[in-house]
Novice: 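First, the structure itself, so that you have it in front of you.
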Amino acid sequence: MIKKNTPQERRIILKHADDPKYSNKIGCYLKNDGYSMLKKAFKMKPEEIGEEVLKSGVRGRGGAGFPAGMKWKFLDRKSGKPIYLICNADESEPGTFKDRQIMHKDPHQLIEGMMIAAYAIGAKQAFIYIRAEFFKGAHILEEAIAEAKEKNFCGDKILGSSYSCDLVVHRGAGAYICGEETGLIESLEGKRPNPRIKPPYFPAVLGLYQCPTIVNNVETLCNVKHVLEIGGEEFAKIGKPNNTGTRIWCVSGQVQKPGYYEFECGALTLGEMIYDVCGGLLPGRTLKAVIPGGSSSKILRADERFSGKLKDGSDFDWGIEDIPLDFDGPASVGSMSGSGGIIIMDDTVDMVEAMANINAFYAHESCGQCTPCREGSLWMKKITKRMCEGDARHEDADLLLSVANQIEGRTICAFGEAAAWPTQSFIAKFRNEFEEKAKNGKNKPSLQLI
Amino acid sequence: MVTINLDGKEVDVPAGINIIEAAAIHGTEVPHYCYHPQLSVAGNCRMCLVEMGTPMRDRGTGEAILDKDGVQKIGWIPKPVIGCGTNVSPGMHVKTNSSMVTGSQEGIMEFLLVNHPLDCPICDQAGECRLQEFATDYGRGYSRYVERKNVKPKRTKLGPRVTLDDERCILCSRCIRFCQEVVDDDVLGFVDRGSFSTLTCFPGKELSNNYSLNTVDLCPVGALTSSDFRFKMRVWFLKESPSICTESSAGSNILVSSREGEIYRITPRRNDSVNDSWMTDSGRELYKQVKSDDRIITPSIDGESSTLADAISSASELLKDKKLAIVGSCRSTVEEQYLLTKLARNFKGKKFLRGHFGDDDGILLASDRTPNLRGALATGFSAKYPSDQLSDLSRALSKGQFDTLLVMGEDILDSGVTRDDLKGIKVVYLGTHRNETSALANVLIPTLTSFEKTGSFINRTFRLQSFKQAVPGPAGLLPDLHILASLINSLSEEVEQSADLAQIWKQLSKPATSIFHKLSFSSIPSEGFQLDGKKWSELDFVEKKALHFLPANQLQEA
């Protein structure tokens with residue numbers, strides 16, 4: 001039961017998405033005042049839009065949480081090369097399912113946001129890079145783009161102005177690494193999605209086809225539209241300072257009502273999310289752990305106390321349920337809000353098996369370009385798999401931790417951290433379960449195993 | 001130049017280079033696999049991780065941030081950075097042996113070995129394997145890996161000359177980048193992902209370009225091996241002698257690897273002004289001519305075997321006081337051409353020169369398929385640019401202008417001279433291999449290949465490059481210089497011509513007008529000496545624009 005003092009959702013991005021009368025057709029979008037912000041944008045100077053986005057403080061919704069307005073500022077405008085805009089719709093972080101809601105239910109919102117952003121940065125061409133598995137989403141987007149083109153909201157001479165920008169949907173081929181922006185760019189260029197080394201290949205300077213490129217997440221680009229509607233300064237008042245706007249949280253795992261919920265940043269705590277919004281745990285279960293921002297963020301144990309200093313200098317002393325859901329909350333307890341994928345684990349979860357599952361994912365998805373991630377992720381998978389098959393050794397916990405430490409900070413892209421952090425945090429928080437496995441196991445080398 | 005702090009010492013290094021190169025200048029090794037100075041930076045092996053910091057500045061004012069002693073603080077980057085992809089900047093601090101760095105190196109070495117078959121005892125790379133070397137220098141020395149290793153394809157034929165063992169591959173992508181960037185033949189790539197990534201040829205393609213064996217040299221491990229050299233000899237038994245490739249006027253610098261007088265392979269020797277670190281596959285085959293079936297190893301007079309001394313005196317008798325024509329070769333060394341020029345003068349012979357030409361590949365196979373055409377010009381043997389036809393000689397022979405021919409290894413019947421032309425003409429032939437001309441010779445004197453003698457060539461950029469004997473010649477034979485000197489001396493006893501290189505170079509470098517002026521053989525540096533070829537800039541050289549080479553007409557434009 002949702003209690004009376006339950007924090008209420010504030011839907012900005014998903015305002016219409018779940019309205020049964022709302023459709024993803026352009027007629028419906030226009031009836032709901034759609035594309036009015038694009039018209040407004042075209043009456044503004046591109047720099048003014050950038051200023052509004054900067055003022056709004058809107059941070060990237062893909063995982064890293066980098067301020068979008070700042071990212072746009074880094075764009076190399078002096079090179080004389082064409083500028084590209086890419087929407088990162090590769091949503092593939094395990095536990096995340098927000099962007100697909102937008103693309104399936106309200107694709108025109110994304111197109112409008114993108115065309116505003118494209119106009120603001122002076123993009124010559126815009127792309128939506130969508131993951132292979134979203135074939136329906138790609139189809140919906142393609143139809144929506146065709147509709148928008150017919151009404152002159154994108155393509156040649158948009159709204160009768162001199163500005164043209166084509167928008168193209170590009171489908172991936174099924175690789176998690178394509179969510180990494182330089183990997184995505186390589187894939188879009190038709191190559192193997194090996195992330196690029198930085199320096200020198202910062203997308204804002206040397207991106208797609210070695211031209212300045214902006215890569216933004218679906219939700220981030222949708223926010224651009226709302227920044228324009230609400231105004232940068234007003235938008236900055238939504239949520240908390242440095243944590244502006246709303247966020248769509250994707251709750252999965254063993255709760256009564258998993259799903260996606262849009263809240264103002266910091267409007268509720270993790271506890272309120274689990275017990276009030278998601279209806280609590282399954283009957284008779286107790287909370288064991290939470291992964292707060294997609295599988296690569298560090299896991300939090302239910303009985304932990306977190307204390308320290310916040311960015312504003314104030315002290316905090318939280319239990320897991322007190323962690324505010326915004327960008328800085330999970331970060332201040334040593335994890336991150338990442339892509340907003342909150343994974344709830346109750347007392348029935350075997351942490352070694354959960355670890356094995358996550359490791360299998362990262363071993364499967366490592367691109368294989370650089371040594372630590374390529375070899376380390378598969379090694380960690382092999383260790384945890386062996387442990388789950390009854391062949392755990394006492395030293396495996398330390399070995400896992402050591403392997404993860406050998407990956408972290410030594411790779412070309414952030415995948416190294418994404419693969420290492422789960423292992424590091426699982427061992428740090430649940431070492432006893434890993435050691436328990438060894439006591440019950442055969443405790444001998446795994447050479448007999450295939 | 002910029003000053004950086006390398007492991008606590010202030011050192012000067014050229015601006016714009018990366019940390020690996022900067023450290024190397026000062027004798028510090030930053031281990032690396034994927035980085036190669038002549039390929040693009042991939043940054044994938046992560047072996048060259050170092051700790052790096054830059055002087056701190058206030059973000060707002062740009063002013064230096066000082067510590068309590070008034071020294072500018074160093075902002076150390078909390079993660080290690082790759083030495084290959086990080087260029088030096090003024091005041092940069094680099095640690096190559098901190099615990100962060102050694103820890104990284106141990107970790108990378110362990111990762112590289114977990115799925116490596118560790119089959120050194122049967123691996124051809126053993127002895128020149130970076131994986132072996134760095135495991136010893138930077139590894140932990142023990143294994144923590146008890147899982148099953150990945151299985152990948154073995155003994156894959158990537159092309160006619162290269163064999164691949166994917167299990168040994170560390171996925172450094174050097175071979176891929178080489179094919180793309182140097183040869184422009186994009187045939188190699190990775191398939192599958194993660195630890196299962198596998199090097200392979202694209203469907204329907206093979207690694208068959210004339211530079212494919214460079215991938216074997218580039219491969220830091222035993223993944224790519226030469227199908228020719230594979231399992232022939234352990235590399236630690238091989239003696240490496242620096243030499244020059246004789247395939248074309250490119251003059252690639254090479255290493256000749258031999259054991260007990262037998263050559264096993266030829267590999268490129270780095271020279272950034274000539275061939276970078278590459279050479280052609282066809283050039284590597286040339287050592288096979290040393291032991292080929294058509295090699296001339298016994299002197300003969302009128303078809304009967306003789307001693308070398310008898311053959312030389314017979315030849316001398318044939319040459320004396322005759323209407324003599326001399327056919328020189330662009331394959332002879334500078335010193336041989338000089339002696340041949342002198343011989344022509346003393347014997348009053350008329351000089352002819354034959355060239356050999358083919359297609360230019362724009363890299364290291366020049367259209368002039370001889371190593372020393374420019375030597376023939378520089379020594380004054382010929383003032384004209386040679387053709388592959390000896391039509392002047394043929395005309396003169398048919399008019400009866402000559403009655404004796406001295407031929408330096410060339411097959412004149414292959415270049416416009418007919419058997420009819422040679423009727424009644426005495427032929428003295430000096431050469432290494434049999435051909436139709438040698439079959440007609442009245443006196444046949446065997447000579448040595450470039451692997452068996454010492455000398456110098458002048459390549460297409462007029463770079464003088466010396467080479468030394470790598471293996472002994474067939475028993476009883478003497479270098480060409482000795483034979484030419486003996487012939488010269490047989491005519492006159494006044495001033496004896498020495499066959500010694502130092503003496504010859506004294507003569508060569510004496511005239512103030514000579515481009516060899518003030519040079520000596522021993523002073524030619526190992527990377528060669530750039531001569532001034534302006535004097536010949538009017539000649540129609542056939543070479544096209546290629547690696548480190550611009551034709552003279554384009555050079556002026558540039």
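In the text below, chain A, chain B and the rest are named by the order of the sequence lines, each starting its count at 1. Treat the numbers as computed from the prediction; the structure is a model and nothing was measured.
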Novice: Taking all non-hydrogen atoms of both residues, which atom of B/Pro80 and which atom of A/Gly409 are closest, and how far apart?
Specialist: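 Scanning both residues completely, I find the closest heavy atoms to be CD-O, 3.7 Å.
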Novice: Take atom NZ in A/Lys191; do more than 12 heavy atoms of anything else shown fall under 6.0 Å from it?
Specialist: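 Yes, NZ of A/Lys191 has more than 12 neighbouring heavy atoms, counting only those of other groups under 6.0 Å.
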Novice: Answer with side chain, backbone, both or neither: which region of A/Ile197 has an atom nearer than 4.5 Å to a non-hydrogen atom of chain B?
Specialist: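 Only the side chain of A/Ile197 comes within 4.5 Å of chain B.
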Novice: Any idea which of B/Ser173, B/Cys45, B/Ser104 has the most non-hydrogen atom pairs under 4.5 angstrom with chain A?
Specialist: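 Of the candidates given, the most pairs with chain A belong to B/Ser104.
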Novice: For a side chain to side chain contact (heavy atoms under 4.5 Å, CB included) check, start with the C-alpha distance between B/Tyr145 and A/Lys382, then their side-chain angles and the critical distance, and finish with the verdict.
Specialist: CA-CA 10 Å; B/Tyr145 192 77; A/Lys382 285 177 176 174; 3.0 Å; yes
Novice: Looking at every heavy atom in both A/Glu417 and B/Lys79, which two are closest together, and how far apart are they?
Specialist: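 Closest pair (atom of A/Glu417, atom of B/Lys79, distance): OE2-NZ, 3.8 Å.
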Novice: Please step through side chain to side chain contact (heavy atoms under 4.5 Å, CB included) for the pair B/Asn115 and A/Trp379, ending with a clear verdict.
Specialist: CA-CA 9 Å; B/Asn115 280 302; A/Trp379 191 2; over 6 Å; no
Novice: Sort out for me which of A/Gln369, A/Glu408, A/Arg192 touches chain B most, counting heavy-atom pairs under 4.5 Å.
Specialist: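 Of the candidates given, the most pairs with chain B belong to A/Arg192.
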Novice: Taking all heavy atoms of A/Pro372 and all of B/Arg46, pick out the closest pair and write down the distance.
Specialist: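 Here A/Pro372 and B/Arg46 meet closest at CD-CG, 3.5 Å.
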Novice: Grab the two heavy atoms, one from B/Ser197 and one from A/Gly368, that are nearest each other, plus how far apart they are.
Specialist: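 B/Ser197 and A/Gly368 have their closest heavy atoms at OG-CA, 3.8 Å.
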Novice: I'd like to know whether CG of A/Asp312 has more than 12 heavy-atom contacts from other residues, nucleotides or ligands below 6.0 angstrom.
Specialist: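 Above 12, so yes.
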Novice: Heavy-atom distance under 4.5 Å to chain A: side chain of B/Ile108, backbone, both or neither?
Specialist: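 Both parts, backbone and side chain.
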Novice: How far apart are the C-alpha atoms of A/Thr371 and B/Met47, what are their side-chain angles, what is the distance that settles it, and do they pass the side chain to side chain contact (heavy atoms under 4.5 Å, CB included) test?
Specialist: CA-CA 9 Å; A/Thr371 312; B/Met47 191 64 198; over 6 Å; no
Novice: Can you tell me which portion of B/Tyr33 sits under 4.5 Å from chain A's heavy atoms? Options are side chain, backbone, both or neither.
Specialist: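 No part of it gets close to chain A.
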Novice: In this structure, are over 12 heavy atoms from other groups packed under 6.0 Å from A/Tyr201 atom OH?
Specialist: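 Atom OH in A/Tyr201 is not packed in, count stays at 12 or less.
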Novice: Is it true that B/Arg193 and A/Glu365 make a salt bridge, defined as a side-chain N closer than 4.0 Å to a carboxylate O?
Specialist: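 A salt bridge links B/Arg193 with A/Glu365.
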Novice: For B/Asn87, which atoms come within 4.5 Å of any heavy atom of chain A: side chain, backbone, both, or neither?
Specialist: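 Neither part.
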Novice: Given that the side chain runs from C-beta out, which part of B/Val81 has a heavy atom under 4.5 Å from chain A: side chain, backbone, both or neither?
Specialist: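 Neither the backbone nor the side chain of B/Val81 comes within 4.5 Å of chain A.
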Novice: Looking at CZ of B/Phe196 and CZ of A/Arg374, how far apart are the two atoms once the value is rounded to the nearest 0.5 Å?
Specialist: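 Between atom CZ of B/Phe196 and atom CZ of A/Arg374 there are 12.0 Å.
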Novice: Within a 6.0 Å radius of atom NE2 on B/His93, are there more than 12 heavy atoms belonging to other residues, nucleotides or ligands?
Specialist: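 Enclosed: over 12 neighbouring heavy atoms sit under 6.0 Å from NE2 of B/His93.
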Novice: Look at B/Ile82, B/Val114, B/Val41 and state which one has the largest set of heavy-atom pairs under 4.5 Å with chain A.
Specialist: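 The answer is B/Val114.
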Novice: Using a cut-off of under 4.5 Å on heavy-atom pairs, state which of A/Asn194, A/Ile177, A/Leu378 scores highest against chain B.
Specialist: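 Maximum pair count with chain B is reached by A/Leu378.
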Novice: Counting only N and O atoms by type, is there a donor-acceptor contact under 3.5 Å from the side chain of B/Ser195 to the main-chain atoms of A/Glu375?
Specialist: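 The answer is no, because no donor-acceptor pair under 3.5 Å joins these two groups.
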Novice: Any chance you could measure B/Asp192, atom CG, to A/Cys367, atom SG, to the nearest 0.5 Å?
Specialist: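 Result: 13.0 Å between the selected atoms.
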Novice: What distance do A/Asp396 atom CG and B/Arg144 atom CZ have between them, rounded to the nearest 0.5 Å?
Specialist: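 If I round to the nearest 0.5 Å, the distance is 11.0 Å.
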Novice: Counting only heavy atoms from other residues, nucleotides and ligands, does the tally under 6.0 Å from NZ of A/Lys73 exceed 12?
Specialist: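 Incorrect, the count does not exceed 12.
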